[in-house]
Amino acid sequence: MIFPRSFFDSNGDRIGDLNGVTQQLDYIQDLGITSIIMTPLYPSSYYHNYFTHDYYGIDSEFGTVDDYFNMVKEIHRRGMKFYMDTELQYVIKEHPWFGESFQNPNSEFSNYVMYKDSLNTEPETMVFDLKGLKSYDGYYTDITIVNLYKEEVAEYIKDYYAFWVDPNGDGSFEDGVDGFRIDAFHNDQLKKGILTNLAQGFWKPIIDNSKRINPDVTFVAEQATWDDGDAHSWMKKSGVEVAYSFGLHFNVNNPTILREYFKWSKQDLPEGKNMFAFLDQHDTDRVLSKIGNNTAKNKQLATLTYLMKFIPYIYYGQEIGMTGKREELIRHESLLELSDGLDISVREPFEWTADINEAGNALWFENVQPYWEKKSIKSKDGISVEEQINNPNSLLNFYRKILKFRSSNSAFTTGEFEIIQHENDSTFTYCRWNNLSGYILAFNLTDQATSMIINTEELPFEPSENSWKTVFSDDESQFSSLNENIEIQMVKNGFIILESK
């Protein structure tokens with residue numbers, strides 16, 4: 001996922017833009033990325049471009065509509081796909097639906113948003129029961145919930161998605177999106193009990209209509225499926241194909257919970273549905289900050305996460321080791337004046353060059369305090385494309401290798417997946433296989449060396465006799481085999497991948 005404001009500045013105004021993404025498609029494709037999701041591109045008074053006053057617009061700071069279509073066409077020319085991030089469940093005071101209906105029950109938009117009273121004086125609160133949001137630069141506006149039950153609203157949003165699938169209406173999708181990310185997808189909006197059965201009653205007609213235009217368009221829901229007993233049913237009811245694997249994200253270093261999580265996902269994930277496997281994303285602390293800036297651990301977790309059966313999801317900057325924790329800024333914020341500035345720390349400018357002041361680096365919040373003072377990006381700290389691109393042992397080149405390894409081995413793209421049971425509870429071990437090859441992947445999720453024994457006769461595939469070899473590892477962990485047993489010895493935070501053909 002790309003946060004465009006922070007990605008690449010093509011015109012020298014210190015703001016990442018659409019032409020900047022287009023200029024860096026070589027870099028993105030060389031990393032091994034095949035699809036791009038970007039946070040919202042429509043205009044907003046907030047730096048993250050959520051909460052818009054014009055759903056159909058393109059933020060002028062990002063470029064023009066022509067720049068947008070040029071970017072999409074260039075993505076498609078390379079055989080890649082583009083997904084648009086959308087958030088249509090909220091509306092701000094500057095939007096006519098809210099602005100013209102507030103305190104005006106006679107407005108034509110009176111029922112477009114949710115009010116608690118008949119005089120339209122008490123708008124329904126949003127997430128965390130907030131009435132609005134303060135931006136990092138002091139801007140504030142009221143925000144409320146869109147009335148998704150209103151027929152006019154549903155038709156507007158149906159037309160909105162249809163437009164971006166085929167903007168010209170000519171049946172050619174070279175300028176259309178390949179899919180949509182639905183931000184804050186809920187079957188019961190914010191669990192308030194006022195907008196329920198949204199999966200089937202609201203989203204399914206919209207998704208079905210989009211697929212009538214382009215059957216290949218894909219819908220992704222930002223919705224936690226872990227510990228959500230209704231997760232499998234809302235995916236079936238809505239037509240959403242992909243959800244975010246928050247259960248994996250929050251428990252990736254806990255082998256006990258991981259085993260339970262994958263038992264759940266195998267049993268309950270509907271046929272034909274999938275999930276994003278991710279370590280970083282725009283609403284959570286950067287993975288390297290969570291694991292104590294341990295690059296070796298980052299490599300281990302990336303291998304564990306991106307070689308399983310879910311869809312690999314990379315957040316910009318993760319591949320070069322960018323850091324950031326929201327907690328670092330909390331003491332600067334009053335809980336009574338909650339600010340979106342708390343998230344700047346995990347959405348900082350991508351570091352293209354060793355000197356962050358060089359052209360291309362999108363330093364859009366430069367000198368705005370306390371955010372600039374507390375920023376993680378620094379010059380010449382080893383965390384940049386320039387400093388890593390020619391280092392074969394760099395994190396960047398590791399990500400390139402692991403993604404290339406995955407894409408070039410069909411057992412990891414279309415093959416089967418199964419947890420391997422054994423007596424060592426401190427490790428997480430699974431296998432991938434198809435009719436061409438089989439793999440054992442073992443991960444030591446502790447800070448101490450450990451060993452384990454796997455009986456190959458208990459594997460769900462039949463390995464070739466005496467054919468095991470190491471194809472990927474931390475360079476220190478190793479294995480030995482005797483008859484049907486494989487003994488694996490791993491260093492702390494180690495990993496090893498064994499192949500049988």
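One is the number of the first residue; the rest follow in order along the sequence.
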With heavy-atom distances below 4.5 Å as the criterion, would you say the side chains of N251 and E260 are in contact?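 In short, these two side chains do not touch, never coming nearer than 4.5 Å.
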
Are any non-hydrogen side-chain atoms of K299 and D474 less than 4.5 angstrom apart? no

Flag the pair [X] / [Y] as yes when their ring centroid distance falls below 6.0 Å, and as no otherwise.
X    : Y    : answer
F412 : F405 : yes
Y136 : Y46  : no
F219 : W203 : no
F310 : F262 : yes
F180 : Y161 : yes

Is E462 atom CD crowded by more than 12 heavy atoms from other residues, nucleotides or ligands, each under 6.0 Å away?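 Open.
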
Given the ring of Y316, does R286 sit roughly above its face, with NZ or CZ under 6.0 Å from the centre of the six-membered ring and within 45° of the axis? yes

Cation over ring, K237 on W234, under 6.0 Å and within 45°? no

Steps toward side-chain hydrogen bond (donor to acceptor under 3.5 Å, both in side chains) verdict (Y50, D340): CA-CA 11 Å; Y50 290 99; D340 64 5; over 6 Å; no

Restricting to non-hydrogen atoms, name the atom on N444 and the atom on Q448 that form the minimum distance, rounded to 0.1 Å.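 Between these two residues, the closest heavy atoms are ND2-O, 2.8 Å.
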
Step-by-step side-chain hydrogen bond (donor to acceptor under 3.5 Å, both in side chains) determination, H422 to T427: CA-CA 9 Å; H422 51 78; T427 65; 3.2 Å; yes

Anything under 3.5 Å between a donor and an acceptor, one on a side chain of residues 1-8, the other on a protein residue two or more places apart or in another chain? List them.
{"unit_1": "R5", "atom_1": "NE", "unit_2": "Y47", "atom_2": "O", "d": "2.7"}
{"unit_1": "R5", "atom_1": "NH1", "unit_2": "E61", "atom_2": "OE1", "d": "2.8"}
{"unit_1": "R5", "atom_1": "NH2", "unit_2": "N49", "atom_2": "OD1", "d": "3.2"}
{"unit_1": "R5", "atom_1": "NH2", "unit_2": "D59", "atom_2": "OD2", "d": "3.4"}
{"unit_1": "R5", "atom_1": "NH2", "unit_2": "E61", "atom_2": "OE1", "d": "3.3"}
{"unit_1": "S6", "atom_1": "OG", "unit_2": "R347", "atom_2": "O", "d": "2.6"}
{"unit_1": "S6", "atom_1": "OG", "unit_2": "W364", "atom_2": "NE1", "d": "2.8"}

